[in-house]
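Below: the structure, in structure tokens.
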Amino acid sequence: MLLLACSNIVKASDQLITLKFQKAKLNVVLNEITQQTEYQFFYNDQINRIAGPITVNINKASVSQVLEMILPNDKLEYSISNNQITIIPKKTKTIESTERLQEIISGTVKDLNGNPLIGAPITIKGTNTSTTTNNQGEFQIIAKPSDIVVISFQGFKRQEVSVAGRKSLSIAMTTDQQALEAVDVVATGYQTIDRRKFTGAATKVKAEDAQRFGVPDVSRMLEGQVSGVSVQNVSGTFGAAPKIRVRGATSITGDNKPLWVVDGIILEDVVNISNDQLSTGDASTLLGSSVAGINPDDIESFEILKDAAATSLYGARAMNGVIIITTKKGKAGTQAVSYLGNFTTYLKPSYSQFDIVNSYDQMSVYAELARKGAIDYALIKNNRNSGIYGNLSRGLSSWNKDGTPVIENSPEGRAAFLKRYNNINTDWFGTLFNNSLLQEHSISFSNGNEKVQTYYSTSFLQDNGWTKSNGVRRYTANIRGNYTINKNLNLGLLTTGSIRDQRAPGTLGQNSNPVTGVVSRDFDINPFSYAMNTSRVIAPFDVNGNREFITMNYAPFNILDELDKNYMDLKMIDLKVQGELNYKLPKNIKFNMIGAYRYASTGNEHKINETSNLPNAYRAGTEYGVEGIENSIIADANRFLYRNPEIQTQGQHLFSHTVECI
């Protein structure tokens with residue numbers, strides 16, 4: 001049977017009300033209706049002017065009948081949702097155009113005691129527009145006057161509040177005792193324990209409450225869902241492990257990440273990422289998320305074990321907390337087909353968000369340095385990194401085929417070369433970033449009877465990449481069957497698999513100076529880092545539309561050329577086969593056995609073209625360098641060249657001896 005989501009039409013209550021007013025304001029009449037019913041009205045002050053004085057004498061009529069009588073049908077209209085009635089001006093061509101205008105709505109979310117609720121998800125109903133509250137419980141969101149704001153927070157009743165033309169909302173959340181008492185058992189992975197007998201700290205979150213469209217990584221779904229659980233996203237690249245802290249930082253140098261348990265089996269990390277590596281952006285971090293291959297639509301619930309009681313179940317590895325994932329399975333008496341499609345776009349960043357100097361101001365600074373003699377054209381061309389002034393210096397000492405200099409060494413010639421860079425204002429965000437489209441499709445089939453329950457699912461995810469030379473595809477499949485052989489014996493079989501094919505900009509490991517504490521990375525071509533730290537004077541293309549090169553690491557460099565020739569291909573295959581057996585022995589003794597076999601294969605091919613900046617830097621200044629030019633100045637300064645330790649040692653001794661003689 002095909003299950004489709006639909007919305008219910010809520011009818012007005014059949015409760016009868018009585019009204020008697022003479023030339024009263026509309027809001028006064030509506031307040032009286034609220035007193036006699038459970039309905040709440042949302043409107044702005046202009047309805048009194050639109051409706052005019054209300055004279056009414058009604059005895060025992062329904063809410064719908066009363067509203068039809070007191071509201072002018074040609075000017076006002078109303079809608080009913082649960083126990084809320086929203087009254088807005090009738091849509092005309094003029095009003096309809098105003099209705100579509102979006103405004104920034106601000107508000108606060110607190111509990112009944114006035115305490116702010118931090119991290120409460122705020123969503124515009126029926127859209128993907130969402131935000132969360134800050135440390136003061138405040139939020140801002142873009143909405144239309146007719147929109148409905150949905151507030152949901154673990155342990156509190158879900159609320160839907162109509163904007164109704166207001167620009168500020170004050171929302172008080174009530175505790176949901178039913179939700180707090182609904183979980184009578186705690187799934188610890190190995191067993192299920194009555195909550196009244198469980199002494200540890202545990203929190204359960206339903207997947208449908210935690211799921212966030214546009215966030216395909218399961219580990220980030222818990223962000224803002226459970227108190228005491230901190231999720232810090234250190235990279236926007238798919239597969240990069242976020243910082244998750246369940247019990248805070250329990251170690252300075254050791255691991256602080258929680259233990260993942262999926263359907264009773266501990267999910268080991270394919271690549272173990274330390275605390276230091278987690279924030280480095282090294283290539284290994286792209287394989288660090290152990291749950292990146294799980295389809296979020298296959299998850300039924302999360303269980304977070306927070307305190308030391310978890311160590312009695314999983315040992316010392318659980319000292320940082322445990323996150324238990326329970327996946328979906330077939331249910332007896334149901335047949336269902338479910339499809340989930342998600343399309344998310346990420347817009348390019350803009351320089352309006354950052355305070356970065358423009359090209360005109362920077363060229364003015366360069367010109368002043370040149371006038372005061374701070375730029376030595378003879379030396380700058382041999383610098384490790386040089387921009388347009390390095391190109392100018394090399395042009396002054398280069399000659400065309402007809403014997404004329406490439407750039408005339410005169411104030412006029414130098415000014416003519418530098419003129420085009422005054423107002424170039426290169427938009428590196430526009431050059432290196434895309435308006436990315438992430439699409440995710442998931443389809444599942446489930447059916448079952450009293451003897452057999454089955455669940456099948458498959459999913460496809462494709463992210464075109466927010467930056468150049470970046471993208472990922474992921475495929476998942478899940479087959480699960482539960483079989484009741486007799487009243488004492490139950491069997492379960494589960495097979496899951498995922499395949500990931502990803503491309504990312506080439507990166508090397510991070511270097512840290514133990515003395516100064518300075519952290520650096522050779523040949524860093526991360527697009528976001530490059531856009532933030534590169535002068536807008538530098539141009540990616542010359543006047544003829546060809547890629548324009550500058551000098552970096554003593555070799556020609558163009559970021560677009562480097563992203564094409566220096567990249568990583570990451571491939572990952574993860575397959576798990578799991579079996580379960582439950583048998584009831586006499587005298588209420590239960591025998592449970594669970595076992596799994598997991599095969600994981602990862603590959604990271606760092607592909608570097610021989611003409612890219614990295615290999616050119618390792619031969620710059622030698623006869624094997626660019627165009628076979630040998631430059632002793634660059635060769636002596638180039639730290640990427642191989643040094644013979646014996647020769648270098650002899651040189652150090654000779655230098656030391658010379659100093660002693662002096």
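Counting from 1, the numbers follow the sequence of the chain as shown.
Side-chain contact between Trp466 and Pro349: present, with at least one pair of heavy atoms (C-beta onward) separated by less than 4.5 Å. Looking at Asn358 and Asn425, their side chains come closer than 4.5 Å, going by heavy atoms from C-beta outward. Counting heavy atoms from C-beta outward, Lys576 and Val262 have side chains that approach closer than 4.5 Å. Looking at heavy atoms from C-beta onward, Met532 lies in side-chain contact with Phe429 at the 4.5 angstrom threshold. Leu508 is listed as a side-chain neighbour of His606, based on a closest heavy-atom distance under 4.5 Å. The shortest side-chain heavy-atom distance between Thr602 and Leu570 does not fall under the 4.5 Å cut-off. Using a 4.5 Å heavy-atom cutoff, the side chains of Arg547 and Phe541 are in contact. Side-chain atoms of Ser364 and Tyr360, non-hydrogen and from C-beta on, do get closer than 4.5 Å to each other.
Listed here is the closest heavy atom pair of Asn400 and Pro405: ND2-O, 3.5 Å. In plain terms, the two heavy atoms of Ser106 and Gln140 that are nearest each other are CB-CG, 3.9 Å. Of all non-hydrogen atoms in Pro615 and Ile608, the two that sit nearest each other are CD-CG2, 3.6 Å. Of all non-hydrogen atoms in Trp428 and Ser535, the two that sit nearest each other are NE1-O, 3.2 Å. A pairwise comparison of heavy atoms in Thr426 and Pro540 identifies CG2-CD, 3.6 Å as the closest pair. Met568 approaches Pro505 most closely through the heavy-atom pair CE-O, 3.3 Å.
Atom CD of Gln362 sits about 12.0 Å away from atom CD1 of Ile424, to the nearest 0.5 Å. The line from CG of Asn609 to CG of Asp564 is 10.0 Å long, rounded to the nearest 0.5 Å. Taken from CG in Asn295 to CD1 in Ile443, the straight-line distance is 12.0 Å, to the nearest 0.5 Å. For the atom pair CE (Met552) and CG (Asn616), the distance works out to 13.5 Å, reported to the nearest 0.5 Å. The CG atom of Leu392 lies 8.5 Å from the CD1 atom of Ile380; values are rounded to the nearest 0.5 Å. Rounding to the nearest 0.5 angstrom, the gap separating the OG1 atom in Thr132 from the CD1 atom in Ile118 is 11.0 Å.
Judged by distance alone, the side chain of Asn435 and the main-chain N or O of Thr345 form no donor-acceptor pair under 3.5 Å. Looking at Thr127, its side chain does come within 3.5 Å of a backbone N or O of Ile124 through a donor-acceptor pair. Between the Arg503 side chain and the Asn470 main chain, no donor and acceptor come within less than 3.5 Å of each other. Not one N or O on the side chain of Asn544 forms a donor-acceptor pair closer than 3.5 Å with the backbone of Asn546. Remark: side-chain polar atoms of Asp542 are paired, donor with acceptor, to backbone N or O of Gly545 under 3.5 angstrom. Ser359 places no side-chain N or O within 3.5 Å of a backbone atom of Val537 that could act as its donor or acceptor partner. Between the Thr476 side chain and the Thr458 main chain, no donor and acceptor come within less than 3.5 Å of each other. Between the Ser469 side chain and the Leu563 main chain, a donor and an acceptor come within less than 3.5 Å of each other. Remark: side-chain polar atoms of Arg598 are paired, donor with acceptor, to backbone N or O of Glu268 under 3.5 angstrom. Here the side chain of Asn558 pairs no donor or acceptor atom with the backbone of Phe549 at under 3.5 angstrom.
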Report task. Could you check Asn566 against Asn613 for side-chain hydrogen bond (donor to acceptor under 3.5 Å, both in side chains), going step by step and ending with a plain yes or no? Result -> CA-CA 9 Å; Asn566 184 358; Asn613 179 259; over 6 Å; no

Requested in this report: Determine, step by step, whether Lys381 and Asn631 satisfy the side chain to side chain contact (heavy atoms under 4.5 Å, CB included) criterion, reporting the C-alpha distance in whole Å, the side-chain angles of both residues, the deciding distance to 0.1 Å, and the verdict.
Outcome: CA-CA 11 Å; Lys381 67 178 181 179; Asn631 188 320; over 6 Å; no

Query raised in the report: Hey, mind stepping through Asn464 and Asn434 against side-chain hydrogen bond (donor to acceptor under 3.5 Å, both in side chains) and telling me if it holds?
Result: CA-CA 9 Å; Asn464 294 333; Asn434 306 309; over 6 Å; no

Query raised in the report: Is there a side chain to side chain contact (heavy atoms under 4.5 Å, CB included) between Phe557 and Asn385 once you walk through the steps?
Result: CA-CA 10 Å; Phe557 178 87; Asn385 302 318; over 6 Å; no

Report task. Please step through side chain to side chain contact (heavy atoms under 4.5 Å, CB included) for the pair Tyr389 and Leu418, ending with a clear verdict. Result -> CA-CA 8 Å; Tyr389 273 84; Leu418 298 172; 3.5 Å; yes

Report task. Run the numbers on Ile550 and Asn391 for side chain to side chain contact (heavy atoms under 4.5 Å, CB included), then give the verdict. Result -> CA-CA 7 Å; Ile550 59 173; Asn391 291 348; 4.1 Å; yes

Report task. Apply the test side-chain hydrogen bond (donor to acceptor under 3.5 Å, both in side chains) to residues Thr551 and Arg394: give CA-CA distance (whole Å), side-chain angles for both, the deciding distance (0.1 Å), then the verdict. Result -> CA-CA 11 Å; Thr551 298; Arg394 283 182 289 275; 2.8 Å; yes

Report task. Dump the intermediate steps for side-chain hydrogen bond (donor to acceptor under 3.5 Å, both in side chains) on Asn409 and Arg414, then the final yes or no. Result -> CA-CA 7 Å; Asn409 192 5; Arg414 294 192 294 269; 2.7 Å; yes

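No option in Ile294, Asp298, Val261 other than Ile294 meets the side-chain contact (heavy atoms from CB on, under 4.5 Å) test with Ile325.
His441 has its ring centre less than 6.0 Å from the ring centre of Phe343.
Within a 6.0 Å radius of CG in Asp355, other residues, nucleotides and ligands contribute 12 heavy atoms or fewer. Annotation: Ile104, atom CD1; neighbour count of heavy atoms from other residues, nucleotides and ligands within 6.0 Å does not exceed 12. In Ile356, the CD1 atom is crowded: over 12 heavy atoms of neighbouring residues, nucleotides or ligands sit closer than 6.0 Å. The number of heavy-atom neighbours closer than 6.0 Å to OH of Tyr599, taken from other residues, nucleotides and ligands shown, is 12 or below. For CD of Gln353, the number of neighbouring non-hydrogen atoms (other residues, nucleotides, ligands) closer than 6.0 Å is greater than 12.
A salt bridge does not link Glu605 to Lys571: none of the charged side-chain nitrogens sits closer than 4.0 Å to a carboxylate oxygen.
The side chain to side chain donor-acceptor pair (under 3.5 Å) test applied to Asp636 returns no partner, not counting sequence neighbours.
A donor-acceptor pair shorter than 3.5 Å can be found between the side chains of Asp463 and Ser436. Defined by atom type and a distance below 3.5 Å, a donor-acceptor pair is present between the side-chain atoms of Arg384 and Asn553.
Between Phe528 and Phe433, the two ring planes are perpendicular [angle over 60°; tilted spans 30° to 60°].
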